Structures are given as structure tokens and as C-alpha cells.
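Predicted model only: the values in this text are computed from it and were never measured. Residue numbers begin at 1 in each chain, while the letters A, B, ... track the order of the sequences.
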Amino acid sequence: MSELKVVNSYSRQKEVFTALTPGHVGMYVCGPTVSGESHLGHARPFITFDVVYRYLLHLGYKVRYVRNITDAGHFEEEGREAVDKIADKAVLEKLEPMELVQKYTNLFHWAMKEFNNLEPSIEPTATGHIVEQIEMIKKIIEAGYAYEKNGSVYFNVKKYAENYPYGKLSGRVIDDLLETTRDLSGQDEKLNKQDFALWKAAPPQHIMRWNSPWGEGFPGWHIECSAMSTKYLGKEFDIHGGGMDLQFPHHESEIAQSTICNHHTPARYWLHNNMITINGKKMGKSYNNVIKLTELFSGNHEILEQAYSPMTVRFFILQTHYRSTLDFSNEALQAAEKGFKRIWESYDNLKKLEGTAVTAANPELDEKVNKLLADMDNSMNDDFNTARVLADMFELVPTINSIKDKHINANALSTATIEKLKTYFHTYLEEVLGLRNEKEQNDDKLKGVLDLLVEIRKEARSKKDYATSDKIRNQLAGIGIQMKDEKDGTVSFSY
RNA sequence: GGUACCGUGGCCGAGUGGCUAGGCUGAGGUCUGCAAAACCUCCUACAGCAGUUCGAAUCUGCUCGGUACCUCCA
């Protein structure tokens, strides 16, 4: 089997993945800012890195997966006044800041469960790590890379850039930044325009505030991730993930802060997922094209022609490589919904197959199947190419279904190959890609009723009373239960 | 303006030098009392132009078009 390779944003190259500590992986992923409801765009990184997490586990690594909750409120620059996003909204909704944060945290957790994402090992909050952040800022000041002004502390980017490769991750040139940075509040306090805040003095109306050596205030935009990744994963760890839009300035700043504090670049591999677009445009508040996850699941949004289930969305996202942009459309989602159904039904069929041959009667087919299975491993190892894994599975679907329908004899494949098929489908579909059946759970009473209807319909058909048999089937279809007459005379349902 | 990235068949999307990915849609067929599903077959694309090469969707250059980041952002 091939070895795992990942595209490292930091080196801009595909590299062989090696764990810092053999057998263990430390992974940090930038989590949500819980000042509002999660939208479709948020689904991508958390599903992407859930699959990364799952695959690393599958490979046998012990993984510590840290994903933060940003609940301290980043800055929103509106005009001259810097307003804390969370505090501001709290006033609007007449809620306590922590009440608001709790509400959206709960909603976020609900969405993650719907997507069948595994829980991270640690989910630290920014507000819970104010002390660590202050300590880190102190260290940076001591090292001479930050300065205090009017109760705020800024990171000296220019000085940092003289000694370290600032801009390497995002491919930025520091002189260009000088030219293009806009006027922001507090700009006059900074030595240079590229400097960013580590600590901000809180204006009187600011609700979220903490004591610090520099007076009452709150932490800057980027320091929480540096503090929490260091605390839980160490000065150097394996993987840092997040959306591409965080590359600059967030991750670049994170690298700078951590490098000064820890005398080491934080992560060895930087992985960035690409954006989801709607009609070719990035989804975002500023574009006014946001589809919240609650709207997506309910279909309650003007762009949506129907509701899309969490697994449809997950499948849709995994059908594209995580580094490519993914364009949303009803057509694409509906295609994903059908594709997912097709692959899952084939998986159900596969589970019932029994091998009958020690040696494959059709060695060519047997070989083809094994080749496709091997390609699934190779595809995942090739920078988590879930799109190709699914394509391989789709190529196996006709073979599985043909055996089930007896178009192909079960002995065409060796028993070992059939067992391997079962193992691979289970492993990849459920464990690695994290997909699951969304059909209703088995209900014995409903089953009893359906069996009765099957019985009645069978009798009607034997008397060629098709009016009755069709009535049963059509009315069941009307309430969302599909009845299918199988080749062997049995009847199956999907609902 | 600066810096990146991208442009694949009706739609979505893999693929980075030769071996027609895959899904959805559409057409025809097999099966079926009829359906549905399934299976089989068909629709053989890589923005344009020029170049490198025995050979390019894949490399190089130019042109056109698009997107992202530079500002909170997944």
C-alpha cells in the first residue's frame, strides 16, 4: 500500500506525511465563531477534517484532534468604532453574551451531529483560555516583538519579518501589505500598518472584558489559536487545518506568534480546504448569499428547491476534492442525493451477498474488483481524494447489483474478494467517509403492517387483480414508502 | 492595484505527458401484468491561439474569461 501524502500549504507541495511522534498525530483545526448560526460554508472544513481525522484513525494513529470554539468575539471594523461582534449582537437580541454564545455553540454541535462528524478530542474555548493568551502576549513583549499602546498590545510584524519568513504560508510580500492595507481603527496606535492586535483595550460599552497587565480588554484576533494549540498539542505539532480564507492573516499571524513564543514554527503540515460558492461567488455575510444549515436541512430558503439532508450535503462535499472550490446548485445537490442513494442501496445489497467459490470463476472481473479496492486506499493516501474513492465505489456498484440480480453468478468472484468488498465498503463508507443511512429506524409494528399489505397484494396479484395491487403500491408511494417487486418474487421497501 | 488559483462533455466534478474517471440528466434496450429499481448500450469533453514533444486536457508562452486573498470570514 502507498504511503499517505498531503498537500502542505506551507511548502506548496505534496509531501509524504510522517508523524512527529510515531503512531501519534496532533491536529488543530480552526473552529467556528459562535456569534451566529453556522451556514453551508462552515460545513466544508468540519466535514473535510472529520474525514482526515477518521482516516488517520483508520491508519492506526492515536490522534488528538483539537478544534476550538471562538466565543470571545473577534473584531468587526465598522467605520471608526471597533465593535465586539458578540457583545454587539447580544444587545440586539437582549441576551447575555455567554447566553448567546451558548445558544450558537449548541446549534453548532447539533449540526456536527447531523453531519455525523466525530467529536474532537478537545474543544477548547477562547474565553476559557484568557490566562494562557495573556501569558503568551507577555512572552512576545519580553521577546521584543510586541508593544503596548493605550492599553492595547500590537505585534510588530515588520520586526518579525526581518528575522522570520512572514508571508510564507500565504505567499505574501510584506512590502505589498504596506501598500494595500486599509485604514482600520486603532491604526494610529500601530507602529506599522501590518501590525495586528494581540490585546485590545475595551471601550466602556464593551461587555466582554478581562483584566490584564495592560488594563481591561479582550484578546486579539489570532492569539487564541496560538495559545490553545500550544497548550494541548505542544510547541510543534503535526497538522493544522482550516479554510483557505484563514490563511491570511489568521494563520500567518498564528505562525508569527507561536514562533516567537515557542522558538519553533507550530505545525508541520498546513492543510486548507477550499470554499463553497453559490453561483460562482463565495458564500459569506458580505455577499448576502448565506444558506444556514437549519435552512438547508429544512429547505426553507429562496435559493433552495427542496430540503437537503445532512448526508446528502456530506456526500456532495466528499464528491469533490477538498482543495477545489465547490459550486452549490440545486441540480448538483439533487445529483448527490441520487448518487448517495444508489451507492447506499448497493452497499445494502452487498451485505447480503455470500461467496460460493474459493477460486473466482471470472478471474478478470475478480482482478478488476481487487484493483478498484486497492485504488481506494491509494486515492485516500493521495491527499485524501475522497472524490476518487467514491468514483471507485460507483464503478463497483454494477458488479454488486448484477450479482444480487443474478445477472452475474456469485462464483464469478472468489469468496475472499466478496468479503473484501464488504470490508472495504463498510470501512470507507461508514468509518472513513462517515456516511450513514438516514432511513427510518426499524419499527416492528410498521413492519408488521407492511408484511400484511404485501400478503394482501400478493393474493390480489395471483388473482390478476391488478387494480388492488396497484392501489396498495400507489398509496404507499403517496405516503413516501416505495414498494419494489424483486426478481425472486420478494418485495422490498425503501422509505 | 498587488498576489495566488482556476477555466474539463447538458449539469456537477476526478485526472497533471500516452491507457476514453465517476455521478446526475438525456436516448435506446433487457427484465416486469404494469411500475419502480436494477442491468446493458449510446451521447468520447478538456476556454482560444501558438509552441515544446514521437505523443498534451496534462508542460511553456500569449490572449480571453472567472474566482479567491489582501478586511471579520470556513
message = For a quick check of understanding: with a heavy-atom distance under 4.0 Å over all strands, which category does A:Val290 fall into, base, sugar-phosphate or nothing?
response = nothing

ask   = How close or far is atom C1' of B:rC73 from atom CG of A:Asn273, stated in whole angstroms?
value = 12 Å

task = Take atom C1' in B:rG65 and the same atom in B:rA47, then report the distance between them in whole Å.
result = 8 Å

inquiry  = Taking donor-acceptor contacts at under 3.5 Å, does the side chain of A:Arg473 reach the base of B:rA35?
reply    = yes

inquiry  = Nearest to the A:Arg457 side chain among B:rG33, B:rA74, B:rA14, which nucleotide is it?
reply    = B:rG33

key: Length of the line joining A:Tyr166:OH and B:rU3:C1', which is rounded to integer Å   = 14 Å

query = Applying a 3.5 Å limit to both distances, which nucleotide forms a Watson-Crick or G-U wobble pair with B:rC62?
reply = B:rG48

ask   = Does B:rG33 have A:Tyr466 stacked on its base, where the ring centres are within less than 5.5 Å and the planes differ by under 30°?
value = yes

message = For a quick check of understanding: with a heavy-atom distance under 4.0 Å over all strands, which category does A:His39 fall into, base, sugar-phosphate or nothing?
response = base

task = Report which part of the nucleic acid A:Asp485 touches: base, sugar-phosphate, or nothing (heavy-atom distance under 4.0 Å, all strands).
result = base

task = Compute whether any side-chain donor of one residue and acceptor of the other, for A:Asn192 and A:Tyr154, lie under 3.5 angstrom apart.
result = no

query = Would you say A:His407 reaches B:rC39's phosphate, i.e. side-chain N/O to OP1/OP2 under 4.0 Å?
reply = no

Sugar-phosphate, base or nothing in reach of A:Lys404, heavy atoms under 4.0 Å = nothing

message = Base, sugar-phosphate or nothing for A:Met283? Non-hydrogen atoms, less than 4.0 Å.
response = base

query = Counting only distance, no hydrogens or angles, is the base of B:rC70 paired donor-acceptor with the side chain of A:Asp245 under 3.5 Å?
reply = no

query = Quick one: A:Asn378 CG to B:rA21 P, roughly how many Å, whole number?
reply = 19 Å

message = Would the base of B:rG22 count as contacting A:Arg388 through its side chain, where contact means a donor and an acceptor less than 3.5 Å apart?
response = no

inquiry  = Both A:Ser329 and A:Gln482 contact RNA chain B. Which one's nearest nucleotide lies toward the 5' end?
reply    = A:Ser329

query = Does a nitrogen or oxygen in the side chain of A:Arg342 sit under 4.0 Å from OP1 or OP2 of B:rU25?
reply = no

From B:rG23, B:rA14, B:rU67, nucleotide with atom closest to A:Asn385 side chain = B:rA14

query = Can you find a side-chain donor-acceptor pair between A:Tyr104 and A:Asp71 that sits under 3.5 Å?
reply = no

query = Between B:rA21 atom P and A:Lys368 atom NZ, what is the distance in whole Å?
reply = 14 Å

Nucleotide of B:rA21, B:rU67, B:rG33 approaching A:Glu395 most closely (side-chain heavy atoms) = B:rA21

message = Regarding A:Ser469, tell me which of base, sugar-phosphate or nothing describes its non-hydrogen contacts under 4.0 Å with the strands shown.
response = base

inquiry  = Both distances below 3.5 Å, Watson-Crick or wobble geometry, any strand: find the nucleotide opposite B:rG1.
reply    = B:rC70

request  = Using a 4.0 Å heavy-atom cut-off across all strands, classify A:Leu326 as base, sugar-phosphate, or nothing.
outcome  = sugar-phosphate

inquiry  = For a quick check of understanding: with a heavy-atom distance under 4.0 Å over all strands, which category does A:Met244 fall into, base, sugar-phosphate or nothing?
reply    = nothing

ask   = Has A:Lys338 got a side-chain N or O lying under 4.0 Å from the OP1 or OP2 atom of B:rU25?
value = yes

message = As a test of reading the structure: which of B:rA74, B:rG23, B:rA37 is closest to the side chain of A:Leu246, going by heavy atoms?
response = B:rA74

remark   = Taking B:rA74, B:rA14, B:rG22 as options, the one with an atom nearest any side-chain atom of A:His321 is B:rA14

request  = Would you mind pulling out the nucleotide paired to B:rC24, Watson-Crick or G-U wobble, both distances under 3.5 Å?
outcome  = B:rG10

key: Of the listed nucleotides B:rA14, B:rG23, B:rC34, the one nearest the side chain of A:Ala335   = B:rG23

inquiry  = What's A:Asp470 touching, base or sugar-phosphate or nothing? Going by heavy atoms closer than 4.0 Å.
reply    = base

query = Base, sugar-phosphate, or nothing for A:Arg461, non-hydrogen atoms under 4.0 angstrom?
reply = base

inquiry  = Please find the pair of heavy atoms, one from A:Arg54 and one from A:Val432, that lie closest to each other, and give the distance.
reply    = CD-O, 3.3 Å

request  = Please confirm whether A:His222 and A:His251 have ring centers closer than 6.0 angstrom.
outcome  = no

message = Regarding A:Asn370 and A:Thr417, do their side chains bring together a donor and an acceptor under 3.5 Å, going by distance alone?
response = yes

message = Only pairs with both distances under 3.5 Å count, Watson-Crick or wobble alike; so what is the partner of B:rC39 in this structure?
response = B:rG29

query = Quick one: A:Phe315 CZ to B:rG22 P, roughly how many Å, whole number?
reply = 14 Å

ask   = When the nearest nucleotide of RNA chain B is assigned to A:Asp392 and to A:Thr277 on a heavy-atom basis, which residue is associated with the more 5' position?
value = A:Asp392

remark   = Here the distance between atom P of B:rG23 and atom CZ of A:Phe316, to the nearest Å, is 17 Å

request  = Indicate, with a heavy-atom threshold strictly under 4.0 Å, whether A:Gly171 touches base, sugar-phosphate, or nothing.
outcome  = sugar-phosphate

